[in-house]
**Student:** 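Quick one: the structure is below, and I'll ask about it shortly.
All heavy atoms count here, side chains included; hydrogens, waters and symmetry mates do not.
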Amino acid sequence: MADTSSPPSEQLAVTTLGDEVPKAQFSDRVPIRSIIARPDGGSGLAGRKARVGGWVKTGRKADKDAFAFLEINDGSCAGNLQVIVEASLGELGQLVPTGTCVVVDGHLKLPPAGTKQKIELRADKVLHVGPVDPAKYPLPKMRLTLEFLRDFVHLRSRTNTISAVARIRNALAYATHTFFNKEGFLYVHTPIVTTSDCEGAGEMFQVTTLLSEAERLEKELLQNPPPTEADVEAARLVVKEKGDVVSQLKADKATKPEIGAAVDQLKKAKESLAKVEERSKLKPGIPKKDDGKVDYGKDFFARQAFLTVSGQLQVESYVCALSSVYTFGPTFRAENSHTSRHLAEFWMVEPEIAFAELKDDMNCAEAYVKFLCQWLLDNCLEDMEFMADKFDKGCIDRLKLVASTPFIRVSYTEAVEILEDAVKNGKKFENEVKWGIDLASEHERFLTEVKFQKPVIVYNYPKEIKAFYMRLNDDLKTVAAMDVLVPKVAFTVGELIGGSQREERYDVIQSRIKEMGLPLEPYEWYLDLRRYGTVKHAGFGLGFERMILFATGLENIRDVIPFPRYPGRADL
């Protein structure tokens with residue numbers, strides 16, 4: 001059963017001031033949510049004072065410019081509060097443009113019978129106006145495409161759609177931490193900079209200072225050219241001369257102060273020579289080894305480093321000590337793809353469970369996805385209703401289905417047989433169906449939307465199409481891997497969750513690394529987890545943006561992350 005307690009954003013701490021509606025504890029205004037999200041729509045607050053602030057969604061003058069109606073929103077909820085401002089309180093022309101920020105004191109009152117809203121605010125005083133030039137404001141009061149909004153990522157959160165997505169994303173993040181903490185998992189922060197390639201795909205962003213150092217050195221050498229061979233020889237001659245002086249003084253049995261002074265001069269000459277020799281070796285460009293390869297020993301981390309594609313390997317080191325852990329953070333993939341399904345930066349939720357096998361992993365994944373779906377139904381229904389109205393009429397029913405329906409579990413072999421039977425019966429797929437393929441989106445969609453019409457977990461995949469760390473099954477052909485497939489996501493981005501029982505046997509995982517053509521050296525620390533106190537463990541990864549796509553019904557992954565990064569774009 002999902003935890004229906006409200007997240008912090010909905011538990012607004014308050015301080016009561018007379019007959020004023022309670023304000024937010026850390027903000028000098030009443031959140032609009034605490035007015036209009038009440039069961040009575042706010043009507044029970046009629047007659048009370050309130051200070052509200054927000055941005056004008058729509059504004060218009062009325063009664064020959066005697067007053068203005070403003071629909072304002074502060075982001076605390078999807079709904080707007082209507083504010084009525086008389087002309088005597090300020091320049092109405094400055095208040096009505098879409099995007100204007102206003103803060104007003106006023107009295108809440110019941111609107112005329114038959115109107116949509118249950119409560120409105122009649123302004124007594126305008127405290128702040130953040131004006132907008134309608135001729136220049138890039139988000140006019142009209143239906144704007146999501147593609148258009150991607151050119152204004154710094155402003156698009158002011159739109160109804162992106163603000164709804166932001167609240168849904170926040171709810172799912174809070175639900176994630178709630179679920180794993182309730183189940184006894186510890187949250188571990190894994191590194192963003194890594195020297196391991198978890199996926200073995202090689203599509204990683206490299207982290208290096210070699211380029212900036214090469215540019216800096218090139219400028220420096222232009223301004224201050226390196227010493228010539230003649231300069232080096234001159235410095236060596238000075239050292240020889242200073243050495244001869246010391247030798248002569250010792251032969252003449254000079255005083256200790258005289259010899260000491262000469263020795264100091266010799267030391268300085270040697271230090272100078274060392275600097276001259278070092279600078280003479282400086283060459284513009286990237287440092288290279290004798291074999292012509294890049295010398296990463298001169299790089300910041302003294303080795304090749306990358307942005308992580310997954311925190312899984314690192315968090316495994318903690319599961320082998322703390323038993324139940326998870327990481328939740330950004331990951332990166334340098335895949336030059338411009339499709340609606342790919343981002344260069346995305347977030348992953350990756351739990352790991354010790355003393356666990358594949359069935360435990362599948363049980364955890366199913367429980368987690370159900371918890372997320374129920375959480376949105378219990379705590380974010382208004383925003384989900386907006387998404388159902390504007391984008392995907394079936395999104396709420398889909399959440400209810402997943403939250404309440406046991407997931408079907410079929411082996412990869414069984415799934416292929418089902419697909420082959422469908423082909424025999426006339427079903428046509430663009431991608432060939434045969435044992436050994438990586439199931440395509442159309443295959444996954446057939447399983448979830450046609451064959452079973454519910455979420456499906458496919459497990460025990462061919463080892464050739466899965467990562468080296470997945471446990472080899474006794475048949476030596478498959479690995480203990482599983483994918484959670486859900487309706488809608490199979491169409492947009494593939495599986496929602498991918499996971500496996502991890503290979504805990506030292507000799508087997510060492511062989512698998514070699515089979516995959518990966519070098520052993522970067523994974524020696526990972527092999528240590530099998531050398532010393534190895535334990536059966538399992539885990540999975542949920543693509544956080546995929547979960548949001550599944551929940552909202554949006555089609556493009558660039559619209560469910562605040563600041564999307566993809567080839568050619570990294571705004572802000």
**Student:** In terms of heavy-atom contacts, does CD of Glu147 have more than 12 from other residues, nucleotides or ligands at under 6.0 Å?
**Tutor:** no
**Student:** Are any of the side-chain heavy atoms of Met384 and Leu377 separated by less than 4.5 Å?
**Tutor:**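 Heavy-atom side-chain distance check fails, nothing below 4.5 Å.
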**Student:** Walk me through it: do Val193 and Thr308 pass the test side chain to side chain contact (heavy atoms under 4.5 Å, CB included)?
**Tutor:** CA-CA 6 Å; Val193 177; Thr308 184; over 6 Å; no
**Student:** With the side chain counted from C-beta on, respond yes when Lys536 and Gln501 share a heavy-atom pair under 4.5 Å apart, and no when they do not.
**Tutor:** yes
**Student:** Are Lys454 and Thr448 close enough that some pair of their side-chain heavy atoms sits under 4.5 Å apart?
**Tutor:**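 No, every pair of side-chain atoms sits at 4.5 Å or beyond.
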**Student:** When rounded to the nearest 0.5 angstrom, what distance separates CG in Asp559 from OG1 in Thr161?
**Tutor:** 9.0 Å
**Student:** Can we call the ring centroids of Phe544 and Phe328 under 6.0 Å apart?
**Tutor:**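 Under 6.0 Å, so yes.
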**Student:** Using modelled atom types and a 3.5 Å cut-off, is there a donor and acceptor pairing between side-chain atoms of Glu545 and backbone atoms of Trp347?
**Tutor:**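 Checking the backbone N and O of Trp347 against the side chain of Glu545, a donor-acceptor pair under 3.5 Å is found.
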**Student:** Do Tyr566 and His342 have ring centroids that are under 6.0 Å from one another?
**Tutor:** no
**Student:** Measure from the ring center of His177 to the ring center of Phe179 and say whether it is less than 6.0 Å.
**Tutor:** no
**Student:** Under 6.0 Å from the six-membered ring centre of Phe180 and within 45° of its axis: does the NZ or CZ of Lys182 meet both?
**Tutor:**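 Relative to the ring axis of Phe180, which defines the angle, Lys182 lies outside at least one limit.
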**Student:** More than 12 foreign heavy atoms under 6.0 Å from CZ of Phe452: is that the case here?
**Tutor:** yes
**Student:** Please examine the side chains of Glu504 and Arg471, heavy atoms only from C-beta on, and report whether any two atoms are closer than 4.5 Å.
**Tutor:**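 Side chain of Arg471 against side chain of Glu504, heavy atoms only: contact under 4.5 Å found.
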**Student:** Do the charged groups of Asp507 and Arg530 touch, with an N to O distance under 4.0 Å?
**Tutor:** no
**Student:** Output the distance between atom CG (Asn431) and atom CG (Asp438), rounded to the nearest 0.5 Å.
**Tutor:** 10.0 Å
**Student:** With the side chain counted from C-beta on, respond yes when Trp55 and Asn73 share a heavy-atom pair under 4.5 Å apart, and no when they do not.
**Tutor:**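 No, too far: nothing below the 4.5 Å cut-off.
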**Student:** So, applying side-chain contact (heavy atoms from CB on, under 4.5 Å) with Met547, which one of Ile497, Leu372, Thr552 is it?
**Tutor:** Leu372
**Student:** State whether Glu417 and Lys424 are salt-bridged, where the test is any N-O pair (Lys NZ or Arg NE/NH1/NH2 against Asp/Glu carboxylate O) under 4.0 Å.
**Tutor:** no
**Student:** With no hydrogens and no angle check, is any side-chain donor or acceptor of Glu203 less than 3.5 Å from a backbone partner on Glu335?
**Tutor:**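 The answer is no, because no donor-acceptor pair under 3.5 Å joins these two groups.
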**Student:** Are Phe540 and Cys364 close enough that some pair of their side-chain heavy atoms sits under 4.5 Å apart?
**Tutor:** yes
**Student:** Checking Arg558 against Arg569 for the side chain to side chain contact (heavy atoms under 4.5 Å, CB included) test, could you report, in this order, the C-alpha distance in whole Å, the side-chain angles of both residues, the deciding distance, and whether it holds?
**Tutor:** CA-CA 11 Å; Arg558 299 171 184 177; Arg569 296 298 290 268; over 6 Å; no
**Student:** Going by the side-chain contact (heavy atoms from CB on, under 4.5 Å) test, name the single residue among Leu343, Thr194, Leu307 that passes it with Phe332.
**Tutor:**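 Between Phe332 and the candidates, side-chain contact (heavy atoms from CB on, under 4.5 Å) is satisfied uniquely by Leu307.
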**Student:** Is Arg502 salt-bridged to Glu352, going by a charged N under 4.0 Å from an acidic O?
**Tutor:**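 Between Glu352 and Arg502 there is a salt bridge, with a charged N closer than 4.0 Å to a carboxylate O.
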**Student:** Check whether Thr534 reaches the backbone of Arg531 with its side chain - one donor and one acceptor, N or O, closer than 3.5 Å.
**Tutor:**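 A pair under 3.5 Å: no.
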**Student:** Do Arg398 and Asp392 pass the salt bridge (charged side-chain N to carboxylate O under 4.0 Å, His left out) test, and can you show the C-alpha distance, the side-chain angles, and the key distance before you say yes or no?
**Tutor:** CA-CA 10 Å; Arg398 192 165 57 247; Asp392 184 355; 2.9 Å; yes
**Student:** Nearest 0.5 angstrom please: Leu485 CG to Asp483 CG, how far?
**Tutor:**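 Going from CG on Leu485 over to CG on Asp483, the span is 6.0 Å.
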**Student:** Run through Arg546, Arg445, Arg341 and flag the one making a salt bridge (charged side-chain N to carboxylate O under 4.0 Å, His left out) with Glu495.
**Tutor:** Arg546
**Student:** Return all side-chain donor-acceptor pairs below 3.5 angstrom for residues 405-416, not counting sequence neighbours, or 'none' if the list is empty.
**Tutor:**
unit_1, atom_1, unit_2, atom_2, d
Thr405, OG1, Leu401, O, 2.6
Arg409, NH1, Asn363, OD1, 3.1
Arg409, NH2, Asn363, OD1, 2.8
Arg409, NH2, Glu366, OE1, 3.1
Ser411, OG, Glu414, N, 3.0
Ser411, OG, Glu414, OE1, 3.4
Tyr412, OH, Gly436, N, 2.8
Tyr412, OH, Ile437, N, 2.9
Tyr412, OH, Ile437, O, 2.6
Thr413, OG1, Trp435, NE1, 2.9
Glu414, OE1, Ser411, N, 2.8

**Student:** Considering residues, nucleotides and ligands other than Phe429, do more than 12 of their heavy atoms fall under 6.0 Å from its CZ?
**Tutor:**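 Counting neighbours around CZ of Phe429, more than 12 heavy atoms of other residues, nucleotides or ligands fall under 6.0 Å, so yes.
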